[in-house]
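Lettering of chains follows the sequences in order, A, B, ..., and the numbering in each one begins at 1. All values derive from a computational prediction rather than experimental measurement.
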Amino acid sequence: MKRTHHCNELRPEHAGHTVTLAGWVHSRRDLGGVLFIDIRDREGRIQTVFDPSDLSPEICNSAASLHSESVIEVVGRVRQRPQGTENPKIATGQVEVLVQGFTVLNHADVLPFPVDDPEVANKVNEELRLKHRYLDLRRPEMARNLRLRSKVATATRVFLDEQGFLEVETPTLFKSTPEGAREFLVPSRVHPGQFYALPQSPQQFKQILMVAGVERYFQLARCYRDEDLRADRQPEFTQVDIEMSFIEREDLYSLIEGLLKRVWKTALGIDLPTPFKRISFEEALNRYGIDKPDSRFGMELVDLTESFRASSFKVFSGAIQNGGVVKAINAKGLACATQGQIETMTEYAKSFGAKGLAFIKVEGGEWKSPIVKFFSDAEKAALKSRLAIEEGDLILFAADQWLNACEILGKIRLYCADVLKAQGKLTLDPQRFDFMWVIEFPLLSFDKEMNRWYSSHHPFTAPVAEDIPLLKSDPKKVRGQHYDVVVNGVELGGGSIRIHQPAVQKTIFEEILQIPAEETQLRFGYMLEAFRYGAPPHGGIALGFDRMIAILCGTTSIRDVIAFPKTAKGACLMTDSPSAVSAKQLRDLHIEVKAARKD
RNA sequence: GGGGGUGUAGCUCAAUUGGUUAGAGCGCUGCCCUGUCACGGCAGAGGUUACGGGUUCGAGCCCCGCCACUCCCGCCA
């Protein structure tokens, strides 16, 4: 059984050749006498012809009774199709294979859902697709995603190899480090009552590799986080994990720009313009209300604090007196927003602790709003010019502390864009990719409930050098050497220059983050020790590989680019995991289960 | 943990808003058909309306519970 050609290979120049093809029955057209079977493999498909005048009735009957997706092998002669019967829709449409011999390699039962019709298959319930993932993956769209993922992985490896990087594997049986995401634990049989944890990322190992003198490390690393899932979050996912020694931020920006340029060229044939634009965390919040801006459309936030500082509208002037700001966005053409849509936006505002959402609908030449009667003429004039107000606009306000006001409008801005998209008033070019670096994040954030500082990124992020003196005096002013790469409102990756001096690291752990010395020693002692023996300055980044592939494939769900993804509750519907284990397995692991068995 | 959506034939969806025997297209089965490619024609089978309760003369539809999938918030250093 040896194929001579794949199913997308034959062209008119092959006419006269005798070929052997193998693949799946894509579709069957039985005209009573002559019978056509389109045979498909991963490369494409081709029409085969069963002519009863030169085949036995047994062969014809056997072929006629095949279900879709049966696996067959066909031997036949390639010939040009008769004039007028060419099929321009498929690449092999000029030719067909006149069957001389045929073998059923495997019969297929009737399928649970169609795989040959893209229009229907696209709408099939995802639950069913996941249960029969092997069928789902046969669909051309899914096969294309898998192939593109593989090509991008290879391009990534080739590019980083060219740049002198070593691919180093790090353990997936790691130590529990309770900061950050919840971990998956793995009980140790040999050490009763002790556990490994699956890594949230290879962060600590990659830094140790820098101490080990690797200088340039990368890995397509599997990472695990036991948090609730989303369309763009799976419990296990893949990062392009990178770390380099003797670099500054600029070195990393150009490396990643080069990598993404290569990837986009390989996958889509697109030449990304570089360098990417850069925007500070503060500017991102000020203009877009979010630290991962989608800059493909406007509707930017406008600061109106000075215009309303002395307003008689107390909701605004009061917020300003409390140290807050007044900001607004102009949702162009959305004055037609329904009561329900305004309600949804108000709920967003309330979820950030706002009391309500002030708005103005500009309709029929007037400003329809419960609040506009409180505005002076000067205030109205300021609004009109600052927000470029025109007929049909919807103006939305937030008056709150700076971060809150920005985030409320950031959320609403994205919601308005979705509404405008649904109404056909906003169209985004699917070939457009707005990359940017978001930089100058605050190193620390304050947790009001716990009354202490925590790392915005992670505790190994180096402060911007000139801000180090502020660490103890004014922590919130300290900027971290952290950077995120963002495209079209998606956080594609993030990283930082790391702290490489053990003294600074110890200060961060113990004095700023208030982790007791003994605990620091237990959790990170090996790192602090490693850093005592000559740690080079270093930094790195991790790119969400699944997210990147999803963007390249034009899908919003990373499940579409992972061969065997899990559901929102972390289940694999094909293998039915997670599942119960035997009493003996539990005994070996020294584990007693208290939860009631589910089934 | 919270909120929204979905669940009706193998698949995709209807069912005049509580009213007779739950329909259609595709798929499937049988028959016919020698140039189709969404082949065509005729006939047929196929339903615990996710599941469990309740209200009602009567429930796919209303109420309560529950399960699964999905989207979002929280969470994701």
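- Both thresholds, 5.5 Å between centres and 30° between ring planes, are met by A/F36 relative to the base of B/U36, so the two rings are stacked.
- For B/U36, neither phosphate oxygen OP1 nor OP2 lies less than 4.0 angstrom from any side-chain nitrogen or oxygen of A/T85.
- One N or O donor and one acceptor, one from the side chain of A/Q47 and one from the base of B/U36, sit under 3.5 Å apart.
- Among residues at least two apart or in separate chains, salt bridge (charged side-chain N to carboxylate O under 4.0 Å, His left out) pairs with a member in residues 82-100 of chain A are A/R79-A/E96.
- Distance check on atom P: B/C13 versus B/G54 gives 32 Å, rounded to whole Å.
- Rounded to whole Å, the separation between the P atoms of B/U29 and B/G18 comes to 40 Å.
- Listed by first and then second residue, the salt bridge (charged side-chain N to carboxylate O under 4.0 Å, His left out) pairs involving residues 404-419 of chain A are A/D418-A/K421 (not counting sequence neighbours).
- With hydrogens and angles ignored, a donor-acceptor pair under 3.5 angstrom links the side chain of A/R81 to the base of B/U36.
- Residue A/R129 places none of its side-chain N or O atoms closer than 4.0 Å to OP1 or OP2 of B/U70.
- The distance from atom CG of A/L66 to atom P of B/C28 is 12 Å, rounded to the nearest whole Å.
- Look at NZ on A/K569: it is 9 Å from C1' on B/C69, rounded to the nearest Å.
- Here, B/C66 and B/A43 have their C1' atoms 43 Å apart, quoted to the whole Å.
- We find that A/D241 and A/K206 are joined by a salt bridge, their nearest charged nitrogen and carboxylate oxygen being less than 4.0 Å apart.
- Here, B/C37 and B/G52 have their P atoms 46 Å apart, quoted to the whole Å.
- Scanning residues 479-506 of chain A for heavy-atom distances under 4.0 Å to RNA chain B yields an empty list.
- Not one side-chain nitrogen or oxygen of A/R28 sits closer than 4.0 Å to the OP1 or OP2 atom of B/C37.
- Straight-line distance between the P atoms of B/G58 and B/G19: roughly 14 Å, to the nearest whole Å.
- Under the Watson-Crick and G-U wobble criteria, each requiring two contacts below 3.5 Å, nucleotide B/G40 is paired to B/C32.
- Contacts with RNA chain B (heavy atom under 4.0 Å) in residues 195-207 of chain A: A/S201, A/Q203, listed by number.
- The shortest distance between the side-chain N/O atoms of A/K89 and the OP1/OP2 oxygens of B/A38 is below 4.0 Å.
- Every side-chain hydrogen bond (donor to acceptor under 3.5 Å, both in side chains) that A/R133 has, sequence neighbours left out, goes to A/D136.
- Between A/F174 and A/F205, the distance separating the two ring centers is shorter than 6.0 angstrom.
- By the side-chain hydrogen bond (donor to acceptor under 3.5 Å, both in side chains) test, A/W437 is found to be paired with A/E257, residues two or more places apart in sequence or in another chain being considered.
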